[in-house]
Amino acid sequence: MVDTKTQYHKIKEEVDAAVIAVMESSRFIGGQVVTDFAASLAAYHGSKHVIPCANGTDALQIAMMALGLRAGDEVITPSFTYIATVEVAALLGIKPIFIEVDMATFCMDVNAIEKAITPKTKAIVPVHLYGHAADMEPIMAIAKKHNLYVIEDNAQGIGNDYIFSDGSKKKTGTIGHIGCTSFYPSKNLGAYGDGGAMFTDDDALAEKMKMIASHGQSRQYYHDVVGCNSRLDAMQAAILNIKLKKLDEYIAARRKAADYYDAAFAGNDKMTTPFRAANNSHVFHQYTLTLHGVDRDALNKFLAENGVPSMIYYPVPAHKQKMFDIFEDMSFNLPITDWLTERVISLPMHTELEEEQQAFIVGKVLEFALKVNS
Ligand SMILES: Cc1ncc(COP(=O)(O)O)c(C=O)c1O
């Protein structure tokens, strides 16, 4: 699905030197390298604060803790997402209220939000799934009207420019009260290990998240709140600092690969290619087809047998995961989510895809779809 090895070889000299410099410094946790990366990432995003942490899952948990969300509260979130978005809520005893996604963008259906609000609702958690932006302008308006927080799950959307109706732009992850992202190796900005970060323009929230990520300490050995241990290590920060300079180039490569797929599958009634709303710059963390009348799991198997990786993101929507049995009254009727879950398939998408490889992938997908047709 990804080719991090070829990508690494193109920046090997710089990365190797940066990693060795960290080892020579013996400053493995925190320090200038991590501070520099946080500053560069904040500048790239036009965000006042970036707080690095150990992974994207922790980022979401720390965000919820910093906003004072607690057991018994509710958060509104799509069910069509990676489990991390909502697992952390459950961990804190916060009940996820699952809503539908928009069939075209795969992101939270903004028309479903208000119907899900109860007196217990504290936050909305939109997910920029597959790299397409959730429709943040109406989401922020609803949040303001009902006095709710917005935590953006930007693990898959880093680098996306969301365009407001007045023409102004903001990076996804910087529109809500807090944005969270992941540097998991396959992400658009991927480390060579785990990593994550929180974004905010709010000074007090930034301080609180910094504190929570560091055992709740305000200064060494003085622990003011219950926190956790969530640190980005210096080697990952050094690597990410190099890769951040290439992020726009990497996104452009993904978009080019998406253009190729789009053109190759255009007009085929067996599949819908990913929609790109005009108010965002889809960063194609995934290239995901929606199939019509094609056995998705059989295609997945056929591709594997022919040397083409493909993935189902995600075979079971969050609202059907057993883990949420811990909550009472968790039955949600989400037919669009269920429908998509049975029909989506993601094809290889990364910065190193060559046309020859894509031609082979497309050929195999079409071979299967045509066989079904005949
Ligand atoms: C949408 C989404 N949210 C959260 C996460 C969690 O990130 P991490 O794996 O770094 O904990 C991921 C990635 O795995 C993700 O895709």
Side-chain angles (χ1 to χ4, degrees), residues 1-2 4 37 41 50-65 75-92 94 96 98-99 101-102 105-108 123-134 136 139 150-160 172-173 176 178-199 209 213 228-233 236-237 239-240 243 254 274 280 282-288 311-319 321 323 337 340-341 344 346 349-350:
M1 293 298 284
V2 292
T4 46
F37 170 61
L41 194 62
V50 166
I51 300 101
C53 67
N55 55 66
T57 310
D58 279 4
L60 288 154
Q61 180 180 331
I62 295 164
M64 289 181 195
M65 290 168 78
V75 294
I76 295 173
T77 181
S79 171
F80 196 62
T81 183
Y82 182 54
I83 199 66
T85 312
V86 278
E87 179 189 28
V88 292
L91 197 65
L92 298 169
I94 301 160
F98 295 113
I99 62 167
V101 287
D102 177 89
T105 65
F106 304 114
C107 294
M108 174 179 270
I124 305 170
V125 186
V127 183
H128 304 301
L129 199 74
Y130 302 152
H132 193 290
M136 290 307 296
I139 292 172
V150 175
I151 303 168
E152 290 176 76
D153 184 342
N154 199 31
Q156 300 188 7
I158 197 162
N160 191 323
T172 53
I178 300 176
C180 298
T181 202
S182 161
F183 305 123
Y184 186 79
S186 61
K187 292 287 190 271
N188 287 21
L189 179 60
Y192 295 157
D194 272 316
M198 290 82 71
F199 298 74
M209 289 195 284
C228 56
N229 173 24
S230 190
R231 303 183 283 229
L232 179 70
D233 74 65
Q236 300 308 333
I239 294 159
L240 286 164
K243 294 186 76 178
R254 286 173 178 272
N280 90 124
H282 199 325
V283 293
F284 285 99
H285 176 57
Q286 300 297 343
Y287 186 89
T288 304
M311 290 290 285
I312 313 304
Y313 301 119
Y314 298 92
V316 183
H319 74 282
Q321 297 286 354
M323 66 155 71
T337 296
L340 286 173
T341 301
V344 290
S346 300
M349 169 50 73
H350 54 84

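Read the numbers this way: they start at 1 and go in the same order the structure lists the ligands and their atoms.
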**Q** Counting each atom of ligand 1 from 1 as listed, which ones have a heavy atom of Asn55 under 4.0 Å away?
**A**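 Counting atoms of ligand 1 from 1, those under 4.0 Å from Asn55 are 10 (O), 11 (O).
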**Q** Checking the N or O distance criterion of under 3.5 Å, is ligand 1 in contact with Asp58?
**A**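 No, Asp58 has no N/O under 3.5 Å of an N/O on ligand 1.
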**Q** Taking Asn55's backbone N and O only, do any of them form a donor-acceptor pair with Ser182's side chain (distance below 3.5 Å, no angle check)?
**A**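 Answer holds: no.
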**Q** Compare all side-chain heavy atoms of Met108 with those of Ile99 and state whether any distance is below 4.5 angstrom.
**A**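 The answer is yes; the side chains approach within 4.5 Å.
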**Q** Under 3.5 Å between any N/O of Asp153 and any N/O of ligand 1: does that happen in this structure?
**A**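 Yes; the residue has a nitrogen or oxygen that sits under 3.5 Å from a nitrogen or oxygen of the ligand.
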**Q** Go through the steps for Tyr82 and Tyr184 under the test ring-ring contact (aromatic ring centres under 6.0 Å, His included), then give the verdict.
**A** CA-CA 13 Å; Tyr82 182 54; Tyr184 186 79; 8.5 Å; no
**Q** For Ser79 and Ala318, indicate whether the former's side chain and the latter's backbone hold a donor-acceptor pair under 3.5 Å.
**A**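 At least one qualifying donor-acceptor pair exists.
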**Q** Going by the order shown, which atoms of ligand 1 are within less than 4.0 Å of some heavy atom of Thr57?
**A**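 By the 4.0 Å cutoff, the relevant atoms are 6 (C), 7 (O), 8 (P), 11 (O).
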**Q** Please verify the inter-ring angle class for Phe98 with His319; under 30° counts as parallel, over 60° as perpendicular, anything in between as tilted.
**A**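 Rings of Phe98 and His319: tilted, as their planes differ by 30° to 60°.
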**Q** Output yes when the distance from some N or O of ligand 1 to some N or O of Gln156 is under 3.5 Å, and no in every other case.
**A**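 Between Gln156 and ligand 1 (N or O atoms, distance only) the closest approach is under 3.5 Å.
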**Q** Does Gln236 reach the main-chain N or O of Tyr192 with its side chain, forming a donor-acceptor pair under 3.5 Å?
**A**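 Yes.
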**Q** Just need the protein heavy atom nearest to atom 12 (C) of ligand 1, so name the residue and atom and give the distance.
**A**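 Going by distance alone, atom 12 (C) of ligand 1 is nearest to Tyr82 CD2, 3.5 Å.
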**Q** For Ala155, counting its heavy atoms only, list the atoms of ligand 1 lying under 4.0 Å from any of them.
**A**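 Those of ligand 1 that fall under 4.0 Å from Ala155 are 2 (C), 3 (N), 4 (C), 5 (C), 12 (C), 15 (C).
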**Q** Look only at interatomic distance and state if Thr81 has a nitrogen or oxygen under 3.5 Å from any nitrogen or oxygen of ligand 1.
**A**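 No, Thr81 has no N/O under 3.5 Å of an N/O on ligand 1.
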**Q** Find out whether Tyr313 and Gln286 are in side-chain contact, i.e. whether some heavy atom of one side chain is under 4.5 Å from a heavy atom of the other.
**A**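 The answer is yes, as the side chains (C-beta and beyond) meet within the 4.5 Å cut-off.
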**Q** For Tyr314, look at atom OH and say whether over 12 heavy atoms of other residues, nucleotides or ligands are found less than 6.0 Å away.
**A**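 Check passes, neighbour count above 12.
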**Q** Which of the atoms of ligand 1 are close to Ala84, meaning less than 4.0 Å from one of its heavy atoms?
**A**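 Listed by number with element: 4 (C), 5 (C), 6 (C).
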**Q** Tell me, which protein residue and heavy-atom name are nearest atom 13 (C) of ligand 1, and how many Å apart are they?
**A**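 Of the protein heavy atoms, Lys187 NZ, 2.8 Å lies nearest.
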**Q** Apply the side chain to side chain donor-acceptor pair (under 3.5 Å) test between Thr172 and each candidate in Asn160, Asn154, Asp153, Thr181; give the one that qualifies.
**A**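 It is Asn154; the other options fail the test.
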**Q** Closer than 4.0 Å to some heavy atom of Thr85 - which atoms of ligand 1 meet that?
**A**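 By the 4.0 Å cutoff, the relevant atoms are 3 (N).
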**Q** Please confirm whether His285 comes under 4.0 Å of ligand 1, counting heavy atoms of the residue only.
**A**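 Not so, His285 does not reach ligand 1.
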**Q** For Gly56, counting its heavy atoms only, list the atoms of ligand 1 lying under 4.0 Å from any of them.
**A**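 Near Gly56, the atoms of ligand 1 are 6 (C), 7 (O), 8 (P), 10 (O), 11 (O).
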